Amino acid sequence: MDHIKSLKCLICGKEYAPHEIDYVCPDHGDEGIVDVQYDYDLIGRRLNPQMLEQNPDRTIWRYRPLLPIAPESPVPPLTVGGTPLYKTDRLAAILKMKHVWVKDDGRLPTASFKDRASAIAVVKGRERKAEIITTASTGNAAAALAGLCASVGQRNVIFVPQSAPPAKIAQLLVFGSTVLLVRGTYDDAFELCLQAAKEFGWYNRNTGYNPYMTEGKKTASLEICEQLGWDAPDRIFVSVGDGCIIGGLHKGLKDLMALGWINKLPKLMGVQAAGSAALYDAWRSNMNAMDMQPIDAQTIADSISAGLPRDRIKALAAVRETDGAYIKVSDEEILAAIPVLGQNAGVFAEPAGAASYAGLVKAVAEGLVNPDERIVVLVTGNGLKDVASARKSVGEPFVVNKDLNDVKRVASQL
Ligand SMILES: *Cc1c(COP(=O)(O)O)cnc(C)c1O
Ligand SMILES: [Zn+2]
């Protein structure tokens, strides 16, 4: 892995060789999140836009020289990456905007953005010959790890809050994971998973702890910019819980700037649920990430419910360093966004997936965006993950007897 210079602590700046530490900077307990530092001159000699254009592989592995894995490491067979970026002119018209794209990451193999990170976790875990890989999750990171592990026959242990939506728990069981439903919150599951991993020596995928998750998540930025012909958008809207996705998007954009493949940094727009808005509050009050205190998080968008966002250092830097903003939206606004995305883009999002669009609606209403700007909205999770919430966002179907007259009554209203 000669393309990696070091793992740099984001608190004290100390740098480590990749073989020296697996996760955090040992000087700050579990909080010392590190960032992978690359040799971009070397990477630029191994990969360039012309080579990418000729590569028919649409998965995240097309960016392999930019990923923190050894050249000889095998990768899981599931198709991770290459999700569609739809130009959605009807959504743009509703918002009186000129250019709105929706990137549908609900199309990934386990139906959420988390596959991008879990794919890397499986490669790293197997590089270390881990017997067991573990994670705590609100549901999607777990489903992603479970599916990717299943695809290579890797044993894994999953900690999720008992309140996780049934579809996500079903995925874990179908993929054959050992599932621990924790009587507590996601934050409780996270702590328990950390303790268990240390006790039993399991490889830990946890968000905001394992530095390589950011590197998997950055592939969405690489794809967006490549899909737009390396003409970077003005803003990217993304929902934020722990802040790993937004930090990953930032990392991907910084990679592309360092390589000179894009010439401007899109503004990152982090959307939080009003009941789980720790990063929004910290950003508003100009707080240092390390001074943030846990809050009691509550939202229908379970995937972005986080009392103390684990990747808060990277998440605040992503918005501050791109001159973006944090926005908060109510659960009602999130639910309302689900059918709008469905009916105007044909994309079915889970609540956390639709929150990004709800954030764009709010940003337009508040005059934060200019109508000419080129906007990308990231849909991070599929609506089939949480059908109960989807049903709350829409009306009821017609129920008819086996009688054409009943259909006529419906048809007359069309
Ligand atoms: C995990 C997740 C998010 C938020 O990602 P963070 O890295 O926790 O900020 C958003 N949407 C969905 C569907 C997710 O699963
Ligand atoms: Zn440190």
Side-chain angles (χ1 to χ4, degrees), residues 6-16 21 23-35 104-106 108 110-118 135-145 160 164-165 167-168 171 186-187 190 206-211 213-214 216-218 220 237-251 268 270-273 276-280 290 297 299 301-316 318-319 326 334 349-359 377-386 389:
S6 71
L7 304 176
K8 183 175 181 184
C9 174
L10 292 182
I11 298 177
C12 69
K14 197 164 164 186
E15 300 192 45
Y16 300 88
I21 55 170
Y23 311 112
V24 289
C25 173
D27 293 349
H28 320 282
D30 295 332
E31 305 293 327
I33 185 79
V34 299
D35 185 43
D104 184 12
D105 262 25
L108 288 168
T110 75
S112 90
F113 191 102
K114 299 296 195 300
D115 287 332
R116 296 184 183 275
S118 289
T135 197
S137 161
T138 57
N140 283 337
L145 183 64
V160 285
K168 298 180 185 180
Q171 283 184 293
Y186 163 59
D187 301 84
F190 191 102
N206 273 7
T207 294
Y209 180 74
N210 185 317
M213 300 305 94
T214 303
K217 289 176 174 180
K218 78 181 181 186
F237 282 74
V238 60
S239 62
V240 179
D242 273 328
C244 186
I245 296 183
I246 198 167
L249 293 174
H250 186 208
K251 181 64 176 284
L268 289 172
V271 184
Q272 293 218 281
S276 178
L279 287 163
Y280 170 87
M290 293 321 287
T299 167
D302 61 291
S303 306
I304 49 172
S305 183
L308 184 62
R310 297 291 163 172
D311 231 343
R312 52 197 181 279
I313 298 179
K314 290 180 185 173
L316 284 174
V319 163
Y326 272 101
I334 291 172
E350 68 165 274
S356 53
Y357 181 73
V377 174
L378 201 53
V379 170
T380 43
N382 194 291
L384 294 174
K385 293 272 198 173
D386 185 358
S389 294

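Whatever order the structure lists them in is the order used to number ligands and atoms, beginning at 1. The residues of the chain are indexed from 1 along the displayed sequence. All values below were derived from every heavy atom in this structure, side-chain atoms included, with hydrogens, water molecules and symmetry-related copies excluded. All figures in this text were calculated on a predicted structure; none of them were measured in a lab.
Looking at I21 and P26, their side chains come closer than 4.5 Å, going by heavy atoms from C-beta outward. Between Y186 and D242 there is a side-chain heavy-atom pair separated by less than 4.5 Å. The closest side-chain heavy-atom distance from Y326 to L316 is below 4.5 Å. Between N206 and D30, every side-chain heavy-atom pair lies at or beyond the 4.5 Å cut-off. Considering only heavy atoms from C-beta on, C12 comes within 4.5 Å of H28 through its side chain.
With hydrogens and angles left out, the side-chain atoms of K114 and S303 include no donor and acceptor closer than 3.5 Å. A side-chain N or O of K314 and one of T214 form a donor-acceptor pair less than 3.5 Å apart.
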Given the rule in the side chain to side chain contact (heavy atoms under 4.5 Å, CB included) test, do K168 and N140 qualify, once you have shown the distances and angles that lead to the verdict? CA-CA 7 Å; K168 298 180 185 180; N140 283 337; 3.2 Å; yes
The test is side chain to side chain contact (heavy atoms under 4.5 Å, CB included); show your working for M213 and R310 and say whether it passes. CA-CA 12 Å; M213 300 305 94; R310 297 291 163 172; over 6 Å; no
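Counting only protein atoms, the N, O or S atoms lying less than 2.8 Å from the Zn ion (ligand 2) are C9 SG, C12 SG, C25 SG, H28 NE2, ordered by chain and residue number.
Ligand 1 lies under 4.0 Å from heavy atoms of K114, N140, K217, S239, V240, G241, D242, G243, C244, I245, S303, I304, E350, A352, T380, G381.
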